[in-house]
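Below is one structure, written out as structure tokens; comments come after it.
Nothing fancy with the numbering, it's 1 onward along the sequence. Model, not experiment: these values are computed from the prediction.
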Amino acid sequence: MTGTTTSTDPVHAVAEAALRRNAGEPEFHQALLEVLESIRPALDEHPEYLEAGILERLVEPERQVVFRVPWTDDRNRVQVNRGFRVQFNSALGPYKGGLRFHPSVNLSIVKFLGFEQIFKNALTAQGIGGAKGGSDFDPHGRSDAEIMRFCQSFMNELYRHLGEHTDVPAGDIGVGAREIGFLFGQYRKITNRHESGMFTGKGVGWGGAEVRTEATGYGTVFFVDEMLAVDGRGVEGKRVIVSGSGNVATYAIEKVHQLGGTAVTASDSSGYVVDDAGIDLELLKQIKEVERGRISEYAARRQGAHFVAGGSVWDVPGEIALPSATQNELHERDAIALVKHGVIAVAEGANMPSTPEAVRVFQQAGVLFGPGKAANAGGVATSALEMSQNAARQRWSFDDSEVKLRGIMHGVHRAAYEAAERYGRPGDYVVGANTAAFVKVADAMLAQGVI
């Protein structure tokens with residue numbers, strides 16, 4: 001470890017050094033501290049991890065790429081954005097993680113997402129490492145031609161760091177089928193190779209996998225159903241509060257309804273809608289996926305629904321909560337409100353949407369809490385399935401792919417549940433998910449030497 005520390009506790013020493021080295025990166029700090037504190041039981045059982053410097057190596061990315069992305073808008077004005085790719089850990093396989101296009105993207109957010117991805121990917125047991133990337137480019141309000149020019153410029157630099165055996169990106173916030181198409185097309189043009197397996201989330205007609213679009217939302221609901229099943233319960237008959245109205249939220253709502261629950265909310269940055277009869281999926285998809293409109297338009301067209309400008313969707317009573325919008329959207333006061341209204345289970349569809357204070361409220365109240373690295377692992381798991389299909393030149397049906405997804409989420413839940421039991425924290429899925437994933441990655445790092 002570089003530098004000196006002020007703590008004799010090895011975990012604190014690593015944390016202090018990492019916080020100093022990565023100053024001004026609060027999202028990364030939050031993700032880092034949560035993992036380091038929760039894996040203490042595994043470190044007590046495996047002192048060899050500390051002796052081999054696993055923690056020091058784990059918190060430092062293997063590679064960080066930051067680059068300029070110049071492009072021209074429709075008025076022929078030059079615009080410049082910043083691009084990122086943080087390749088965090090490849091001990092278990094090629095780097096795998098999405099690209100996010102949003103004005104909030106900075107190095108801290110990309111590093112937090114990449115760090116989380118290490119453990120999420122390990123939990124899927126699909127042989128993939130952890131990475132994340134993106135840009136502070138905002139696709140909202142941009143024409144298709146502008147987005148194409150941006151994506152092509154972005155890939156002009158990023159392509160040299162990618163490959164089906166090296167780093168396999170996918171989509172995330174702001175990067176959907178349109179953006180993936182432009183990015184993959186430019187990669188193919190530059191490299192003169194049709195490496196279907198170097199990008200996931202592709203169109204089904206040109207190498208994509210069935211269920212990939214739905215996978216993160218579906219998987220989150222499968223995970224909460226698994227948590228409830230431990231006590232003989234399920235999603236069926238439950239009132240569900242969902243934040244967001246993007247890909248994850250939309251398909252979480254769809255799977256809730258398919259399993260017999262009722263999802264009654266959706267939201268975006270302008271506010272949220274409440275529809276006690278259950279969100280109309282076709283209308284939501286029309287507004288958000290086709291028209292790219294605001295969620296307020298849902299209430300304007302749906303009898304019985306109402307829109308609340310601003311405010312917190314977590315003030316709406318429900319038995320299950322699925323935060324599926326963005327990081328740190330659910331705060332302590334929101335958790336207190338949910339507990340007061342009788343919430344019994346929370347599963348994170350987004351990455352780190354609950355603040356540490358909110359997580360403590362849920363755990364102290366006995367609410368089942370599924371952290372994002374476990375609950376929303378279905379997206380990257382299905383991306384790995386897409387990679388497998390590309391490598392074998394195979395195509396699986398929607399039903400077959402969904403069965404595989406359900407099986408993977410069952411395995412993720414089992415791994416987290418059993419690790420929590422083994423390390424003396426029964427029912428604590430944060431400790432369970434982190435320790436189960438950490439041990440798998442740490443063992444691989446030990447086996448491969450100091451690299």
Side-chain angles (χ1 to χ4, degrees), residues 139-141 173-174 176-178 211 213-222 224-225 228 233-326 329-331 333-335 337-350 353 376 398 402:
H140 289 99
I173 294 172
R178 172 182 56 178
V211 186
T213 300
E214 299 85 354
T216 307
Y218 277 19
T220 301
V221 179
F222 287 149
V224 77
D225 201 46
L228 291 167
R233 298 176 292 178
V235 171
E236 184 176 5
K238 303 295 189 300
R239 178 180 167 97
V240 182
I241 310 304
V242 180
S243 67
S245 52
N247 185 68
V248 179
T250 296
Y251 291 100
I253 291 169
E254 183 168 274
K255 184 51 65 177
V256 165
H257 291 172
Q258 290 176 1
L259 294 185
T262 305
V264 298
T265 63
S267 69
D268 62 18
S269 59
S270 67
Y272 64 91
V273 293
V274 181
D275 187 344
D276 290 323
I279 294 293
D280 183 324
L281 258 297
E282 293 308 311
L283 178 57
L284 181 65
K285 290 178 183 180
Q286 175 65 28
I287 292 170
K288 302 303 291 189
E289 295 181 357
V290 179
E291 301 172 14
R292 302 181 188 274
R294 307 304 290 169
I295 198 65
S296 57
E297 297 173 29
Y298 179 94
R301 302 187 205 177
R302 172 77 165 172
Q303 186 176 3
H306 66 275
F307 172 72
V308 179
S312 172
V313 70
W314 310 118
D315 290 333
V316 180
E319 296 159 282
I320 297 172
L322 305 178
S324 304
T326 191
E329 61 169 292
L330 198 161
H331 298 271
R333 68 161 297 276
D334 302 316
L338 284 166
V339 170
K340 179 181 177 181
H341 291 142
V343 72
I344 61 173
V346 178
E348 295 185 321
N376 70 41
F398 189 98
E402 186 173 356

Looking at D275 and A305, would you say the former's side chain and the latter's main chain have a donor-acceptor pair under 3.5 Å? no
So, are K288 and D268 salt-bridged, with charged N and O less than 4.0 Å apart? yes
Any side-chain heavy-atom pair from H306 and V274 closer than 4.5 angstrom? yes
Note: A266 and L284 closest approach over all heavy atoms is CB-CD1, 4.4 Å
Set out, in order, the CA-CA distance, both residues' side-chain angles and the distance that settles side chain to side chain contact (heavy atoms under 4.5 Å, CB included) for V316 and H341, then state yes or no. CA-CA 8 Å; V316 180; H341 291 142; over 6 Å; no
L322 side, atom CG; L330 side, atom CG - distance, nearest 0.5 Å: 11.0 Å
Salt bridge flag under 4.0 Å for residues K285 and E254: yes
Looking at every heavy atom in both P317 and I241, which two are closest together, and how far apart are they? O-CD1, 3.2 Å
Heavy-atom closest pair (I295 atom, V273 atom, distance to 0.1 Å) is O-CG1, 3.4 Å
In this structure, OG of S243 is separated from CH2 of W314 (nearest 0.5 Å) by 3.5 Å
Sub-3.5 Å donor-acceptor pair from the side chain of E236 to the main-chain atoms of L259, do we have one? no
Donor-acceptor pair, D315 side chain versus A337 backbone, under 3.5 Å? no
To the nearest 0.5 Å, how far apart are OG in S269 and CD in E329? 12.0 Å
Could you tell me which non-hydrogen atom of Y272 sits nearest to which non-hydrogen atom of S267, and how far apart they are? CB-CB, 3.6 Å
Count the heavy atoms of every other residue, nucleotide or ligand shown that sit under 6.0 Å from CD of Q303, and state whether that count exceeds 12. no
Mind checking the CG-NZ spacing from L281 to K255? Nearest 0.5 Å is all I need. 11.0 Å
Separation of H257 NE2 from I279 CD1 (nearest 0.5 Å): 7.0 Å
Suppose we screen for side-chain hydrogen bond (donor to acceptor under 3.5 Å, both in side chains). Which residues come up paired with E348, at least two apart in sequence or across chains? S354
Please find the pair of heavy atoms, one from P323 and one from V346, that lie closest to each other, and give the distance. CD-CG1, 3.9 Å
Tell me, yes or no, whether the heavy-atom count around Q258 atom CD, taken from other residues, nucleotides or ligands under 6.0 Å, exceeds 12. yes
Side-chain donor/acceptor of N376 to backbone N/O of T216, under 3.5 Å: no
pair Y251-V221: side-chain heavy atoms closer than 4.5 Å: no
With rounding to the nearest 0.5 angstrom, report the OG1 to CD1 distance, T265 to I253. 6.5 Å
For residues I344 and L228, report the shortest heavy-atom separation together with the two atoms involved. CD1-CD2, 3.8 Å
If you define the side chain from C-beta out and look only at heavy atoms, does anything of S312 sit under 4.5 Å from H331? no
